[in-house]
Amino acid sequence: RDVSNLVTQGVKELEKQGCEIIHYFPLEYTIDGNDGILEPSGLLGNKLSAKIHFVTVPSIMLENIINCLASCQLDVEDCIFAPYAAGLATLNDNDKELGSTIIDFGAGITSYAVFLQKTMVYCGFIPIGSKAITEDIAKSFMLDASTAERIKTINGAASVGYKDSQKMINCKVNNLEDPFDHDERNISNAELNDVINARIEEILTLIKSTLERRGKFSSSQHNIVLTGGGSLLSGISHEASKIFKNKTRLGKPISVSGLN
């Protein structure tokens, strides 16, 4: 009951700030100055406090999304933070116990979640996603967005290979004098992957810096697990392992029945 009251107090305080709670995770409890308690039930004391990880979203933003879906005849059952869902789907109990970081590459953002002691202890996002890579390619080689997306998906990789300069990609580039006309141009895989690598490196370095600044990353313990559309880029796992200096893999669903 005391633990429930602590959570209720935290929820009420956040609701006053216009936040909707998506998840909450008690991280540890303190009883009469003794901290680091994971399960306080049954213990006696005079003062109980707790560190609780709340995942929130502005209430108005969430309401707008729900109303938008309702206009399409869709009802929202519940909300879940994407990297948390990815962690539940791709991490085993050992991953979540010893420490793992999920990095989920979306189109507009790249979000992340840190799991430790079987709990999501930290999460966040940076406002750069896979769409930024497509835009970089389009601007660098004067391509339209659909062509940039296509060569990124088919020919692109997260790092430059030693034979990439010998591989050429034929594509139509925008004509500066006539916007309705196109010129043909050969772009080497090395040029393409150099553009992709710069953005991937920026995204991963920003995430690593944030985790280190918050004290949520340990290279001796953490596994890095990549999910989302951007994680399908060839070589991205190797690039992430270089930046984080740790074991990195692509996330695949585990313990899900009915999948071949």
Side-chain angles (χ1 to χ4, degrees), residues 82-83 86 90 100-113 125-212 217 219 222-253:
T90 63
S100 296
T101 296
I102 291 280
I103 300 177
D104 185 63
F105 289 87
I109 67 171
T110 302
S111 48
Y112 51 88
F125 72 93
I126 60 170
I128 310 172
S130 300
K131 185 181 177 182
I133 300 173
T134 303
E135 292 172 349
D136 290 343
I137 295 169
K139 292 174 182 175
S140 297
F141 306 113
M142 294 187 297
L143 306 174
D144 57 51
S146 60
T147 302
E149 179 67 25
R150 179 175 58 80
I151 66 170
K152 178 187 79 173
T153 304
I154 297 174
N155 306 99
S159 57
V160 181
Y162 73 98
K163 286 187 177 181
D164 283 351
S165 59
Q166 303 170 22
K167 302 174 184 177
M168 307 305 292
I169 307 162
N170 182 266
C171 53
K172 293 181 179 180
V173 301
N174 296 329
N175 189 313
L176 295 178
E177 296 180 358
D178 185 355
F180 298 101
D181 192 19
H182 294 83
D183 298 322
E184 288 196 357
R185 175 184 170 184
N186 286 327
I187 299 169
S188 73
N189 254 72
E191 292 175 300
L192 173 65
N193 294 341
D194 193 48
V195 172
I196 295 173
N197 173 261
R199 185 64 80 172
I200 289 293
E201 188 174 297
E202 178 192 21
I203 291 171
L204 295 175
T205 301
L206 283 171
I207 292 173
K208 184 185 179 186
S209 298
T210 300
L211 296 179
E212 288 178 333
F217 178 74
S219 60
H222 265 65
N223 291 319
I224 306 298
V225 180
L226 310 178
T227 63
S231 69
L232 299 177
L233 271 171
S234 175
I236 194 170
S237 183
H238 176 68
E239 193 64 27
S241 68
K242 285 199 309 182
I243 291 172
F244 284 93
K245 294 180 172 55
N246 211 336
K247 183 179 177 182
T248 305
R249 64 178 171 86
L250 298 182
K252 295 182 179 179

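Counting from 1, the numbers follow the sequence of the chain as shown.
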- prompt: Measuring from Leu143:CG to Glu149:CD, what's the distance to the nearest 0.5 Å?
  reply: 12.0 Å

- prompt: Hey, what do you get for OG (Ser165) to CG (Asn193), rounding to the nearest 0.5 Å?
  reply: 11.0 Å

statement: For Phe244 and Leu204 the tightest heavy-atom approach is CZ-O, 3.8 Å

- line: Of all heavy-atom pairs linking Leu192 and Ile151, the shortest is CD2-O, 3.7 Å

field: Considering all heavy atoms, the nearest Ala158-Asn197 contact
entry: O-ND2, 2.9 Å

- request: Could you tell me which residues satisfy side-chain hydrogen bond (donor to acceptor under 3.5 Å, both in side chains) with Asn155, sequence neighbours excluded, listed by chain and number?
  value: none

field: Closest heavy-atom pair and its distance - Ala148, Thr134
entry: CB-O, 3.5 Å

- request: To the nearest 0.5 Å, tell me how far Met142 CE sits from Ile187 CD1.
  value: 9.0 Å

Residue among Ile154, Asn189, Asn186 satisfying side-chain contact (heavy atoms from CB on, under 4.5 Å) with Ile169: Asn189

- prompt: Does Arg249 reach the side chain of Asn223, with side-chain heavy atoms less than 4.5 Å apart?
  reply: no

statement: Sorted by chain and residue number, the side-chain contact (heavy atoms from CB on, under 4.5 Å) partners of Leu232 (sequence neighbours excluded) come out as none

field: Distance-only donor-acceptor check, side chains Asp104 and Thr227, under 3.5 Å
entry: yes

- line: Heavy atoms of Val225 and Leu250 approach each other most closely as CG1-C, 4.3 Å

- prompt: Checking Ser231 side chain against Gly228 main chain: does a donor-acceptor pair fall under 3.5 Å?
  reply: yes

task: Report the distance from atom CZ of Arg199 to atom NZ of Lys131, rounding to the nearest 0.5 Å.
output: 12.5 Å

- prompt: Closest heavy-atom contact between Ala157 and Ile196?
  reply: O-CG2, 3.3 Å

- request: Kindly indicate whether the side chain of Thr101, heavy atoms from C-beta on, has any atom under 4.5 Å from the side chain of Asn246.
  value: no

query: How long is the gap from CD on Glu135 to CD1 on Ile133, to the nearest 0.5 Å?
result: 10.5 Å

- prompt: Do Phe105 and Leu233 touch side chain to side chain, with heavy atoms closer than 4.5 Å?
  reply: no

field: Listed partners of Ser188 passing side-chain hydrogen bond (donor to acceptor under 3.5 Å, both in side chains), at least two apart
entry: Glu191

- prompt: Is Lys208 reaching over with its side chain to a backbone N or O of Ile243, donor-acceptor style, under 3.5 angstrom?
  reply: yes

field: Approximate separation, where rounding is to 0.5 Å, of Glu202 CD and Ile128 CD1
entry: 4.0 Å

